[in-house]
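Not measured: the values here are computed from a predicted model. Note on naming: letters A, B, ... go to the chains in the order of the sequence lines (proteins, then strands), and numbering restarts at 1 for each one. No hydrogens, no waters, no symmetry mates; every other heavy atom, side chains included, goes into these values.
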2 protein chains.
Amino acid sequence: MRPSDIPEIRALRLFKSMSDSAFEALIQAAYLQTFPAQLELIREGDPADFLYVVTEGRVELFARANGREATMGMVHPIGTFILAAVLKDAVYLMSARTCQKSKVLMIPAENVRAAFEADDAFARAIVVELASCYRSVVKEHKDLKLRSSVERLANRLLRYHADQGANGTLELPYDKRTLASLLGMTPENLSRAFNTLKPYGVQVKGTEVTLSDIDGLTTLAKPNILIDDRTS
Amino acid sequence: MRPSDIPEIRALRLFKSMSDSAFEALIQAAYLQTFPAQLELIREGDPADFLYVVTEGRVELFARANGREATMGMVHPIGTFILAAVLKDAVYLMSARTCQKSKVLMIPAENVRAAFEADDAFARAIVVELASCYRSVVKEHKDLKLRSSVERLANRLLRYHADQGANGTLELPYDKRTLASLLGMTPENLSRAFNTLKPYGVQVKGTEVTLSDIDGLTTLAKPNILIDDRTS
DNA sequence: TCGCGCGATTGATAATTATCAAAAGGGGGA
DNA sequence: TCCCCCTTTTGATAATTATCAATCGCGCGA
């Protein structure tokens, strides 16, 4: 693996506080691989063989049932996924595929569990990480259960807007089909939801969005810190 | 607190492996209280002051936004709730209220965090617990995103049926209004969903349900181990 | 530069789910 | 035992969301 990647991984909340020796052992056992776009990295139902760390590119977590498919989340560099399955030595609940060409570090699950047993600091870091993941899913669940699709979109736009500097414009981080699935709606519905938001100053051109009436949009969206805030 | 409750709490996965001294310290700091039905124990947005353990009765976790309310989960004896917020020293994401007269052990959050720092076995037990909670919410999220309301009901009935001995009958564990909210629908819709399931051998009388065509119902429900199995 | 292909949009319609109102049914207390 | 209250159910209708089909439009490659 490229040595320059290591410090960034080491700096992750998950690995920051663990001992050098334990971290070394993890990295030594790991594989760094580059995958093309649209490659299925893991499939739900398979045993959790690896913990994944995305170092470049983008990975989509999704799930299938009946004939339907739903995007469950997106993983950006530098981020990990599928930690809970690895720790429980269980099967994956979600599938994952690359959205674009991506570089991924794969740490064998048994090494992760060994480090978890051996290194107390790592075990504690995992707790913090898992607690965060848990709260994120709870927020997504509330989003889905308590809001209409237009409200979900409005709040998502406000979130991206804030993330990107709150200067009145934002760029959609994913294509619209993926965004739709992430928001729990069809692409057609997303398109219509954008139209619904036009009177609230939302202009879309490709992946560029301009917000000319933040107050109006906010009134409609009624953002809620207990759903939309990603930091707590 | 009643001494006879202690062994059961001690036997919880969360507390089983921790040291006697750390467990003692937790219990000593804790309050055991009995609450009447329909009492709001915690409110989302409030700082997490206590970890809760339900020892008798039943507690509903729910969330509010806009004017809507959704049941997020039910906690039965002996079960804990709101662990992630306590560990992160964050605000609660969910509210909780008693469904019936309930006995609840309240462990001050700072004691939990102290035990987490001091006791490695406890820290590891927390990891397992959190990983399980996380996977449960992911499953609920998949349930909501990938299934229609009738499918959700059908699968829920099959689950209760299996839990209760799979003898062709089951008892709904909650009133229908609560069940509806748990399944992400209105009470009216739940009533109609039961009617939709009549041709599949589902007979409802109050909280008693008989299933006379398990195969047919299963064909409709298409249960999925990655959504419906509570043990993995 | 010119199509070609694919994602996105629009239109028409259907299915699902929610809302509002009213009636029915059942259990507990007087 | 009867009545009242509250949950549930039913009915009518509206809103939301999905589906299917067709068109649009933009970027890429020949």
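Chain A approaches DNA chain C over the interval C:dG7 to C:dA12, counting the first and last nucleotide 5' to 3' with an atom under 4.0 Å from its heavy atoms.
Side chain of A:Asp175 to main chain of A:Arg177: a donor-acceptor pair is present (N/O by atom type, distance under 3.5 Å, no hydrogens or angles). Between the side chain of B:Ser102 and the backbone N or O of B:Arg58 there is at least one donor-acceptor pair closer than 3.5 Å. At distances below 3.5 Å, not a single donor-acceptor pair connects side-chain atoms of A:Thr207 with backbone N or O atoms of A:Leu172. A donor-acceptor pair under 3.5 Å is formed between the side chain of B:Lys139 and the backbone N or O of B:Asp229.
Residue B:Leu83 comes nearest to B:Leu51 through the heavy atom pair CA-CD1, 3.7 Å, listed as atom of the first residue, atom of the second, then distance.
Salt-bridge annotation for A:Arg97 and A:Glu69: present, with a side-chain N of the basic residue lying under 4.0 Å from a carboxylate O of the acidic one. Remark: B:Arg64 does not engage B:Glu44 in a salt bridge, criterion side-chain N to carboxylate O under 4.0 Å.
Residue contacts for B:Thr186: at a heavy-atom cut-off of 4.0 Å it reaches a base atom on one of the strands shown.
Of the residues in residues 60-75 of chain A, not one comes within less than 4.0 Å of DNA chain C through any heavy atom.
The 5' end of DNA chain D is approached more closely, in terms of each residue's nearest nucleotide, by B:Lys176 than by the other of A:Asn189 and B:Lys176.
Considering B:Tyr52, B:Phe62, B:Tyr92 as possible partners of B:Phe81, the one that fulfils the ring pair (Phe, Tyr, Trp, His ring centres under 6.0 Å) test is B:Tyr52.
To the nearest 0.5 Å, atoms NZ (A:Lys142) and CZ (A:Arg147) are separated by 9.0 Å.
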Give me the distances for all protein-to-nucleotides 20-24 of chain D N/O pairs that come in under 3.5 Å?
| unit_1 | atom_1 | unit_2 | atom_2 | d |
| --- | --- | --- | --- | --- |
| D:dC20 | N4 | A:Glu188 | OE2 | 3.1 |

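Residues B:Pro223 and B:Thr218 meet the side-chain proximity criterion, which asks for heavy atoms closer than 4.5 Å.
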